[in-house]
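Ligands are counted one by one from 1 in listed order, and the atoms in each one are counted from 1 as well.
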Amino acid sequence: MSTPTAPLLKVENLVKHFPIRGGLLGREVDRVYAVDGVSFELAAGETLGVVGESGCGKSTTGRCILRLIEPTSGTVTFDGRSVTGADKQQLRALAREMQIVFQDPYASLNPRMTVGAIVGEALTIHRLTRTAREYEDRIVQLLETVGLAADHMRRYPHEFSGGQRQRIGIARALAVSPRLLVCDEAVSALDVSIQAQVINLLEDLRGPLGLSYVFIAHDLSVVEHISHRVAVMYLGRIVEIAPSRSLYTDPRHPYTEALLAAVPIPDPRVKRKKVHLQGDVPSPIHPPPGCHFHTRCPLAQTEQCRLERPPLKPVGEPGSGHWVACHLR
Ligand SMILES: Nc1ncnc2c1ncn2[C@@H]1O[C@H](COP(=O)(O)OP(=O)(O)O)[C@@H](O)[C@H]1O
Ligand SMILES: [Mg+2]
């Protein structure tokens, strides 16, 4: 995974366990292993898709990267600066460079604020504009950047469609001129045709605005076209990470194969294995030991699968950047 320049974002061994408290004393009686040792790098200008079923730890990973929640352990480094070790002031500076776009624009936009106030809030917080005129001009510019109009600034979120609200959320994130956007299921709640419009918008903005994306989705088909690389998560761990093409045409992890088997293929020449998974995703409160996937794995389950955590190891052509965490592949 060598890149000529230092990565923009580096996540190393990220762990987030949520304690479950019980009893009169509120002692920790159990824990949710939401993120269980996630590592990856993101180059400047790159889009990394992160996929996996609901509950596998995607949002928790995204929130830990921005320190919206505190990781249990592990490190996050942005442009050579420690995020996990940052104090309040450093974190504030980092917040201008890393932003998040949430799934639910209905819940994340304050219904009592005008669109202009929503988009402009960060300009005030970070003192990015000096005069009222500058402030207003910047809001107009941001709205136009995301395909909305200047006169939308005086309206309220409820007056907009789902796709437009997501554009407002994107404009708000762009206000501070960030370099990294974590898009957490940013299009998942939208109709398929609207999804494509928002994805195209994000893709069009990436180069001109110098953005990089961590693009979270539960569906492999959503991230395929926008991502340079894709990471597949299962129960708090990355089980496979590879350049998109390589992942979609030559998946190595049985879980990735199963996810892909559920994605319709437009090209009839491409043949995919039919893999059907048994049972449900186990609880992240008591994840299986060894390989988290072994209880549902269609491959032979060896003693090693049941006992040892498989590390990510390179597969395929040397330097291809295709990594898989499976003892049998
Ligand atoms: N604040 C929290 N307290 C306890 N458990 C949580 C909390 N947030 C998330 N979880 C649990 O952590 C796991 C991963 O959640 P999440 O990161 O939201 O997954 P995803 O985004 O992939 O659907 C889930 O089992 C979820 O229930
Ligand atoms: Mg989520």
Atoms in ligand 1 with a heavy atom of Pro284 nearer than 4.0 Å:
25 (O)
The protein heavy atom nearest to atom 11 (C) of ligand 1 is Val32 CG1, 3.8 Å
Ligand 1 N/O within reach of Lys58 N/O, cut-off under 3.5 Å:
yes
Kindly give the heavy-atom pair with the smallest separation between Gln99 and Ala173, and that separation in Å.
CG-O, 3.3 Å
Identify the protein heavy atom lying closest to atom 12 (O) of ligand 1, giving its residue, its atom name and the separation to 0.1 Å.
Ala34 CB, 3.3 Å
May I ask you to test the Val324-Ile241 pair for a side-chain heavy-atom distance under 4.5 Å?
no
Considering only heavy atoms of Ser54, which atoms of ligand 1 have at least one such atom less than 4.0 Å away?
23 (O)
Quick check: do Thr61 and Met233 have side-chain heavy atoms less than 4.5 Å from each other?
yes
So do Leu299 and Arg329 actually touch side chain to side chain, heavy atoms under 4.5 Å?
yes
Closest to atom 5 (N) of ligand 1 among protein heavy atoms sits Phe18 CD1, 3.4 Å
Closest non-hydrogen atom pair between His294 and Cys305, with its separation
ND1-O, 3.6 Å
Could you tell me whether atom 26 (C) of ligand 1 has at least one protein heavy atom nearer than 4.0 Å?
no
Of the choices Ser283, Gly236, Ser59, which has the non-hydrogen atom that lies closest to atom 21 (O) of ligand 1?
Ser59
Do the non-hydrogen side-chain atoms of Tyr213 and Arg206 ever get within less than 4.5 Å of each other?
yes
Please confirm whether Gly57 comes under 4.0 Å of ligand 1, counting heavy atoms of the residue only.
yes
Please say whether Cys56 places an N or O atom under 3.5 Å from an N or O atom belonging to ligand 1.
yes
Would you indicate whether the side-chain heavy atoms of Ile226 and Leu202 approach each other to under 4.5 Å?
yes
Atom 15 (O) of ligand 1 [closest protein heavy-atom partner, distance rounded to 0.1 Å]
Thr60 OG1, 3.7 Å
Roughly how far apart are Leu14 CG and Thr84 OG1, rounded to 0.5 Å?
8.5 Å
Side chain or backbone, does Gly55 bring an N or O within less than 3.5 Å of an N or O on ligand 1?
yes
Ion pair check, Arg252 and Asp250, cut-off under 4.0 Å
yes
Just checking: Gln103, one of its N/O/S atoms, less than 2.8 Å away from the Mg ion (ligand 2), yes or no?
no
